[in-house]
Amino acid sequence: MTSPSDSGPATANPMWGGRFAESPSEIMERINASVAFDRRLALHDIRGSKAHAAMLAAQGVLSGEDDAAIQDGLDRVAAEVEAGVFHFDPALEDVHMNVEARLKTLIGDAAGRLHTARSRNDQVATDMRLWLRDTLDAVEHGLRGLQAALIAQAEVHAATVMPGFTHLQPAQPVTFGHHLLAYVEMFGRDRGRLADGRARLNECPLGAAALAGTSFPIDREATAAALGFDRPAANSMDAVSDRDFCLEFLASGAICGVHLSRLAEELVLWTGPAWNLARLPDRLTTGSSIMPQKRNADAAELVRGKAGRLAGALVALLTVLKGLPMAYGKDMQEDKEPVFDAAETLMLAIPAATAMIEGLAVDRDAMRAMAARGFPTATDLADWLVRALGLPFREAHRAVGRLVKAAEEAGCGLADLPLDAMRKIEPGIDMSVYDVLSVEASVSSRTSFGGAAPDRVAQAAAEARRRFLS
Ligand code: ARG
C-alpha cells in the first residue's frame with residue numbers, strides 16, 4: 001500500500017482492494033472464504049513459496065536480502081502452523097492470503113515481493129498437487145498394511161475350508177485363505193491406481209501464473225526440481241485450470257471404497273449370529289442400548305457405509321468441473337472439500353478394516369460345517385462321471401441333478417447317499433466316487449493356477465508377500 005488512494009477504502013481487502021470503492025459484504029466474504037478447509041494446505045503452501053522465492057533470487061528478480069527475509073519469515077510462519085498457534089482469519093479468504101499477510105506482519109515490505117511472477121492460480125494448483133502427493137503416499141501405505149493383515153490371515157487359513165458362493169448360495173468349497181487373497185488382489189490394484197495417478201500429477205504448475213505465464217525470467221525447471229516434481233507442466237492454461245489429478249484420486253478412492261465395502265459386508269455376514277463363522281474382538285464391536293444380547297459390527301457397517309461418501313465426492317467434483325471454460329474459475333475452489341473428505345474417509349476406513357482383519361477369529365468347524373451344506377461337491381460328482389464313465393458333461397450334469405434331488409429327499413449330503421441309491425440313477429457309479437465327494441477332496445483338487453487348493457493358496461500367499469510387501 002503506497003498511498004490511501006491506491007489501496008481503496010481502509011476496510012477493502014489489502015491483497016486486491018486497489019480498485020474497490022467498498023469492502024465485500026458479509027455474504028460475499030462468507031461464500032468466498034475457503035480458509036476453514038484449505039488451511040490444511042498451509043505447510044505445502046509455504047514449501048511452494050520458499051521454492052518460488054529462492055528461484056526468483058537465483059534469477060536476479062529478487063534481492064538476496066529479500067529472499068533471506070522471506071525464507072526466514074516463512075520458516076517462522078511454518079513453525080506457528082506446526083505448533084497450532086497460527087491464527088487463520090476468514091476475512092483473508094484463503095490459506096494463501098493468510099500466510100502472506102502473516103509474513104508481511106513478520107518481515108514487512110519484502111513479503112509483498114514474494115508474489116512476483118506468480119498468481120494464486122498456479123499457487124493453489126501447486127499446493128493441491130503437493131498435498132495430494134503426500135496423501136496418496138499415506139493412503140497407499142495404509143492399503144499395504146491392510147494387505148499385510150489379509151496375507152497373514154490367509155497364511156493361517158490356507159487350508160481352512162469355507163463355502164464358496166455364487167448368488168450368495170453355496171457353489172463350491174474354497175478356503176478362507178483363498179477368499180482373503182482375492183481382496184489382496186483388489187487392494188493391490190487400488191494401490192496401482194493411486195500410484196498411476198501420482199505419477200501423472202507430478203508436474204509443477206508454478207510459473208504458469210494466472211493463466212498465460214509471466215514476463216519475468218523465471219526458471220520453471222528449478223522450482224519443479226526443488227519441489228520434487230518430475231518436470232514443469234507444459235501448458236500454463238492447463239496447469240492452472242484442470243483438476244483431473246483430484247478426479248483420479250477420487251475415482252481411485254471410490255473404487256477402493258467399493259472394495260472396502262464388499263469386505264465389510266462379508267465381515268458383517270461372517271460375524272453375525274445367523275452365520276457365526278467368525279468373531280470380531282470386543283474392542284471392535286459395540287453393544288445396543290436396549291438389547292443386551294447384541295454385539296454389533298458397527299465398524300464394519302461404517303466402512304461399508306463410507307463407500308457412499310467416497311462415491312459422492314467423485315460425483316461432486318466431476319459435476320463441478322464439467323463445462324468449466326478455461327482457465328481458472330472460482331468454482332475450482334470446490335475441489336477441496338471432496339478431496340479432503342475422501343482422504344480422511346480412506347484414512348479412517350482402511351485402518352478400521354485392517355484392525356478387523358487382524359482381530360478376526362475364525363471358527364474352522366463352523367466354516368467346514370457350512371461348507372458341506374447345499375451339495376457343494378455336485379460339480380465334483382459331475383466331473384467324476386465325465387472322467388470315470390466317459391459321460392458328456394451335459395449328461396453328467398443332468399444325472400447329478402437327479403442325484404442331488406435324491407439326496408435332498410433322503411435328507412443327506414451327496415457323500416452320504418448310499419451306493420445303490422446312486423446306481424439307480426447312474427448304474428456305472430462305483431465306490432471310488434466317494435473319493436471326490438468330501439469338501440476337503442473337492443477343494444484339494446482345485447490345483448489350477450490361481451485356484452483354491454490349500455497348497456496353491458499357501459504358494460499364492462508367499463507370492464503375494466513378495467509382490468505386495470517386499
Ligand atoms: N482459494 C482459491 C482456490 O482454492 C485460490 C485461487 C484463487 N484464485 C483467484 N483467481 N481468485 O481456488
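As the structure lists them, so they are numbered: ligands from 1, and atoms in each ligand from 1.
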Taking only residues at least two apart or on different chains, which pairs with a member in residues 216-230 satisfy side chain to side chain donor-acceptor pair (under 3.5 Å)? Asn202-Asp230

Pair listing, side chain to side chain donor-acceptor pair (under 3.5 Å) test, anchored in residues 255-266, at least two apart: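 Checked against side chain to side chain donor-acceptor pair (under 3.5 Å) - neighbours excluded - the pairs reaching residues 255-266 are His179-Glu266, Tyr183-Glu266, Asp190-His259, Glu265-Arg304.
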
Under 3.5 Å, N/O to N/O: give me all the pairs between ligand 1 and the protein, one per line with atom names and distance.
{"residue": "ligand 1", "atom": "1 (N)", "partner": "Asp94", "partner atom": "OD2", "Å": "2.9"}
{"residue": "ligand 1", "atom": "1 (N)", "partner": "Gln333", "partner atom": "OE1", "Å": "2.7"}
{"residue": "ligand 1", "atom": "4 (O)", "partner": "Lys336", "partner atom": "NZ", "Å": "2.4"}
{"residue": "ligand 1", "atom": "8 (N)", "partner": "Asn121", "partner atom": "OD1", "Å": "2.9"}
{"residue": "ligand 1", "atom": "10 (N)", "partner": "Asn121", "partner atom": "OD1", "Å": "3.0"}
{"residue": "ligand 1", "atom": "12 (O)", "partner": "Tyr328", "partner atom": "OH", "Å": "2.3"}

Among residues two or more places apart or on two chains, list those pairs meeting salt bridge (charged side-chain N to carboxylate O under 4.0 Å, His left out) that have a residue in residues 308-317. Arg309-Asp341

Asp67 and Gln71: side chain donor to acceptor below 3.5 Å: yes

Heavy-atom distance under 4.5 Å between the side chains of His157 and Leu180, does that happen here? no

Any heavy-atom pair between the side chains of Thr135 and Phe340 that's under 4.5 Å?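 Result no, sub-4.5 Å side-chain heavy-atom pair not found.
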
